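Structure first, commentary second.
Only a predicted model underlies this, so the values are computations on that prediction, with no experimental measurement involved.
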Amino acid sequence: MTFSFRPTYEDPHLAGLVDRLRTYLDGELADYERDRGITRDTRLTRADLEPVWQRSRELGFYGIHLPKEYGGQALSNVRLAALKEEIGACGRVLGRVFN
């Protein structure tokens, strides 16, 4: 059995969500933090956060746990926990404000 710090998921819907989330966190969000010089010591402003919130909405992650009639995907607690785990493990400063 191969050990990995990046779990895989048998649930195809969750696997797709995790893949999209990892791509965003490791790519676009990492680039955004680097380009703006954001570190753990940075005092974040609304101007820093609004683009992250907007992108989260565009990607369908903002409010993903909400019922569909409110714009969410009615994500189960198990699926939501897997996404939160990915965000926590990514090391991105702005990961905690992403969703």
Side-chain angles (χ1 to χ4, degrees):
M1 179 158 101
T2 303
F3 178 78
S4 172
F5 285 113
R6 295 191 96 165
T8 57
Y9 301 95
E10 293 181 20
D11 174 345
H13 180 66
L14 180 57
L17 289 172
V18 168
D19 186 51
R20 283 187 17 234
L21 181 60
R22 286 176 180 166
T23 298
Y24 174 73
L25 294 170
D26 295 340
E28 194 174 325
L29 189 61
D31 294 343
Y32 179 80
E33 288 180 356
R34 186 187 63 249
D35 293 346
R36 293 189 76 126
I38 295 173
T39 67
R40 298 205 183 287
D41 298 323
T42 301
R43 182 176 170 97
L44 299 173
T45 67
R46 188 168 189 91
D48 295 321
L49 300 175
E50 283 181 343
V52 178
W53 295 332
Q54 178 61 36
R55 190 65 177 133
S56 175
R57 282 189 287 279
E58 291 169 0
L59 293 171
F61 288 108
Y62 193 85
I64 198 168
H65 64 289
L66 296 173
K68 291 182 180 183
E69 61 265 22
Y70 295 112
Q73 293 186 30
L75 216 62
S76 70
N77 288 336
V78 171
R79 287 176 172 170
L80 184 60
L83 295 179
K84 296 278 187 182
E85 182 178 39
E86 290 294 329
I87 292 169
C90 78
R92 296 280 135 252
V93 174
L94 294 172
R96 68 179 186 266
V97 302
F98 176 65
N99 65 343

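The two residues Gly95 and Leu29 make their nearest non-hydrogen contact at N-CD2, 4.0 Å. Closest heavy-atom contact between Val52 and Tyr32: CG2-CE2, 3.8 Å.
Under the 3.5 Å distance criterion, the side-chain polar atoms of Trp53 are left unmatched by any main-chain donor or acceptor of Tyr62. With hydrogens and angles ignored, the 3.5 Å screen pairs a side-chain donor or acceptor of Asp48 with a backbone N or O of Thr45.
Partners of Arg40 by salt bridge (Lys or Arg N to Asp or Glu O under 4.0 Å), not counting sequence neighbours: none found. With sequence neighbours excluded, the residues forming a side-chain contact (heavy atoms from CB on, under 4.5 Å) with Thr42 are Ile38, Thr39, Leu44, listed by chain and number. For the side-chain hydrogen bond (donor to acceptor under 3.5 Å, both in side chains) test, no residue two or more places apart in sequence or in another chain qualifies with Arg43. Glu58 pairs by the side-chain hydrogen bond (donor to acceptor under 3.5 Å, both in side chains) definition with Gln54, Arg55, not counting sequence neighbours.
For residues 85-94, the salt bridge (Lys or Arg N to Asp or Glu O under 4.0 Å) pairs, not counting sequence neighbours, are Arg22-Glu86, Glu33-Arg92. Applying the salt bridge (Lys or Arg N to Asp or Glu O under 4.0 Å) rule to pairs touching residues 68-79 yields Asp11-Arg79, sequence neighbours excluded.
Residues Leu66 and Leu75 do not share a hydrophobic cluster, clusters being chains of Ile/Leu/Val/Met/Phe/Trp/Tyr side chains in contact below 4.5 Å.
By the 4.5 Å heavy-atom criterion applied to side chains, Gln73 and His65 are not counted as neighbours. Residues Ile64 and Leu17 meet the side-chain proximity criterion, which asks for heavy atoms closer than 4.5 Å. Residues Leu14 and Val18 have side chains in contact (heavy-atom distance under 4.5 Å, counting atoms from C-beta outward).
Taking a 6.0 Å sphere around CG of Asp31, one finds it holds more than 12 heavy atoms contributed by other residues, nucleotides or ligands.
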When you look at Tyr24 and Arg20, which way does the side-chain hydrogen bond (donor to acceptor under 3.5 Å, both in side chains) test go after all the steps? CA-CA 6 Å; Tyr24 174 73; Arg20 283 187 17 234; over 6 Å; no
